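What follows is one structure encoded as structure tokens, with my remarks underneath.
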Amino acid sequence: MPELPEVETTRRGVEPHVVGHRVRALLVHEPRLRWRVPASLPAKVQGATVLAAERRAKYLLFRLEGGALTAPATLLVHLGMSGNLRVLPAATPRLTHDHFDLMLDSGETLRFNDPRRFGSVDLWPTGAIADWAPYAARGPEPWGPDFTPDHLARPFKGRVASIKAMLLDQRVVAGLGNIYVCEALHRAHISPFKPAGGIAKKRLGPLTTAIKDVLAEAVEVGGSTLKDFAAADGALGYFQHRFRVYDREGEPCPTPGCKGVIAREVQAGRSTFFCPVCQV
DNA sequence: CCCACGACCTGTGGGC
DNA sequence: TGCCCACAGGTCGTGG
């Protein structure tokens with residue numbers, strides 16, 4: 001998936017096309033996703049107006065009101081590992097793995113495609129959104145006021161799990177995935193294998209800064225360089241953003257003055273890229 | 001409670 | 001050229 005920057009890029013891309021528009025229909029072509037698309041969904045959102053397109057962690061939240069809805073509701077979309085959401089003319093021919101179309105009164109459609117089916121879509125009452133379990137369990141947004149060194153220190157305290165595993169835990173901080181954890185730890189010169197509880201407190205400031213910076217820079221260039229990530233308007237070619245360590249095994253470490261070579265190791269089943277010399 | 005690991009899916013790229 | 005295996009951005013449930 002798309003980690004936070006890709007989700008945010010998608011949000012910014014679709015927002016002007018959906019906000020203020022009415023839902024003409026929701027067409028579900030292939031309901032099998034991480035969780036089966038509820039059969040009741042199309043009838044519920046019919047005729048509703050999209051008030052806002054927001055993001056929380058790696059979820060996209062479309063605020064809906066009116067139409068068949070008896071109370072304001074939120075359409076929650078997760079892109080999983082391979083999902084993408086694009087705005088297209090309604091008549092655009094469908095492709096394999098197109099799961100649903102949110103048809104709008106503008107003549108455009110918001111189309112969800114997801115080959116690996118790890119994505120999801122669900123509807124929940126806006127007023128009770130805190131009760132929606134996956135949403136409630138998310139940690140602070142990395143750019144929000146709650147994301148401080150102290151907020152990392154609390155969950156890290158006494159933990160023997162690796163710093164990498166802790167940062168991938170969405171309850172600790174929302175939005176990081178495998179790529180940006182590797183990038184942030186390299187910037188902060190912290191070994192991904194270090195037990196979270198053993199990291200000196202004074203290093204948490206630089207770590208939070210590294211996390212914010214890495215994500216912000218990725219959003220600036222439009223959501224990194226994922227091979228099959230396409231912007232909401234279909235524009236391709238996000239290759240201007242170069243990762244410093246991710247997928248760079250064998251290359252020289254980009255840290256100024258460092259003579260290390262980027263290594264790859266499997267950690268908890270996922271590839272970790274790091275510099276064995278300057279990350280300690 | 002904590003932690004590691006397998007499961008869920010399909011597509012693709014590299015090695016032979 | 002073609003086949004097969006390893007691996008890919010994320011959760012979530014389990015079993016120790």
Side-chain angles (χ1 to χ4, degrees), chain A residues 1-11 29-37 55-60 76-85 95-99 112-122 132-139 142 154-185 192-198 211 214-215 217-219 221-231 236 238-239 241-250 264-273:
Chain A
M1 143 187 251
E3 302 183 29
L4 185 152
E6 291 74 28
V7 180
E8 178 61 20
T9 299
T10 298
R11 189 197 70 75
H29 316 298
E30 170 50 88
R32 290 177 300 171
L33 285 169
R34 184 82 157 81
W35 297 287
R36 195 177 182 83
V37 181
R55 179 192 58 74
R56 168 78 174 107
K58 298 173 189 170
Y59 285 91
L60 286 163
L76 302 112
V77 179
H78 197 295
L79 303 178
M81 290 274 253
S82 57
N84 78 288
L85 206 49
L95 300 172
T96 319
H97 307 308
D98 280 341
H99 287 265
F112 183 76
N113 181 287
D114 184 10
R116 290 178 72 183
R117 291 196 225 143
F118 289 146
S120 65
V121 59
D122 200 4
W132 195 67
Y135 182 90
R138 300 302 96 164
R154 204 161 312 147
F156 286 6
K157 189 173 166 58
R159 301 289 295 272
V160 297
S162 71
I163 178 69
K164 190 194 179 200
M166 292 295 289
L167 293 179
L168 282 173
D169 187 337
Q170 301 297 298
R171 294 167 301 186
V172 173
V173 52
L176 287 172
N178 198 43
I179 292 179
Y180 296 110
V181 166
C182 291
E183 293 295 308
L185 287 172
F193 305 97
K194 211 168 167 50
I211 289 168
V214 155
L215 295 175
E217 287 172 28
V219 168
V221 300
S224 91
T225 68
L226 301 179
K227 281 195 288 292
D228 52 0
F229 178 74
L236 291 167
Y238 285 86
F239 290 89
H241 188 243
R242 304 282 288 162
F243 299 127
R244 295 188 189 176
V245 292
Y246 187 81
D247 206 20
R248 287 180 171 279
E249 185 180 15
R264 170 185 175 272
E265 273 188 48
V266 175
Q267 191 177 11
R270 317 287 304 273
S271 284
T272 295
F273 296 90

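In this text the structure is predicted, and so the values were computed from the model without any measurement. Within every chain, numbering begins at 1; the chains are lettered A, B, ... in the order of the sequence lines, protein sequences first and strands thereafter.
Using a 4.5 Å cut-off on side-chain heavy atoms (C-beta onward), F156(A) and V172(A) make contact. Two residues are said to be in side-chain contact when any heavy atoms from C-beta on lie closer than 4.5 Å; K58(A) and H78(A) meet this criterion. Counting heavy atoms from C-beta on, the side chains of L185(A) and T272(A) never come closer than 4.5 Å. Side-chain contact between C182(A) and K164(A): present, with at least one pair of heavy atoms (C-beta onward) separated by less than 4.5 Å. Counting heavy atoms from C-beta outward, L215(A) and L176(A) have side chains that approach closer than 4.5 Å. Considering only heavy atoms from C-beta on, L79(A) stays 4.5 Å or farther from E6(A) through its side chain.
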Dot-bracket notation for DNA chain B, counting Watson-Crick and G-U pairs under 3.5 Å, with | for partners on another strand: .|||||||.|||||||
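Using a 4.0 Å cut-off, no side-chain N or O of Q170(A) falls inside it from OP1 or OP2 of dG10(C).
Atom name P, nucleotides dG11(B) and dC12(C): the rounded distance is 23 Å, in whole Å. Taking atom P on both dT14(C) and dC9(B), the two are 16 Å apart, rounded to the nearest angstrom.
The side-chain contact (heavy atoms from CB on, under 4.5 Å) test applied to A165(A) returns S162(A), not counting sequence neighbours. A search for side-chain contact (heavy atoms from CB on, under 4.5 Å) contacts involving R56(A) returns L61(A), Y135(A), R138(A), E141(A), A174(A), not counting sequence neighbours. Partners of Y246(A) by ring-ring contact (aromatic ring centres under 6.0 Å, His included), not counting sequence neighbours, listed by chain and number: F243(A), F273(A).
Of the candidates T96(A), L85(A), N84(A), N113(A) forms a side chain to side chain contact (heavy atoms under 4.5 Å, CB included) with just one, namely N84(A). For the side chain to side chain contact (heavy atoms under 4.5 Å, CB included) criterion with F112(A), the lone passing option out of D98(A), V121(A), L33(A) is L33(A).
Where S271(A) and W35(A) each meet DNA chain C at their nearest nucleotide, the meeting point lying more 5' is that of S271(A).
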Which parts of nucleotides 5-11 of chain B does protein reach within less than 4.0 Å, heavy atoms only, written one letter per nucleotide 5' to 3' as B for base, S for sugar-phosphate only and - for none? ---BBBS
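Proximity of residues 159-167 of chain A to DNA chain B (heavy atom under 4.0 angstrom from any strand atom) is restricted to R159(A), V160(A), A161(A).
Judged purely by atom type and a 3.5 angstrom limit, Q170(A) has no side-chain atom pairing as donor or acceptor with the backbone of A57(A).
Here dC7(C) presents its P atom at 17 Å from CD1 of I179(A), a figure rounded to the nearest Å. Taking atom CG of residue D122(A) and atom C1' of nucleotide dC12(C), one finds them 16 Å apart after rounding to whole Å. Look at CZ on F156(A): it is 12 Å from P on dC3(B), rounded to the nearest Å. Distance R270(A) CZ to dC7(C) P: 13 Å, rounded to the nearest Å. Here the P atom of nucleotide dC3(B) and the CZ atom of F193(A) are 17 Å apart, to the nearest Å. If you take CZ of R248(A) and P of dA8(C), they are 16 Å apart, rounded to a whole angstrom. What separates CD of E6(A) from P of dG10(C) is a distance of 9 Å, to the nearest Å. Per the geometry, CG belonging to L168(A) stands 11 Å off C1' belonging to dT11(C), to the nearest Å.
Contacts of S120(A) with the nucleic acid, taken as non-hydrogen atoms under 4.0 Å apart, are absent. Residue-level contact check: R171(A) touches neither bases nor backbone, having no heavy atom under 4.0 Å from any strand.
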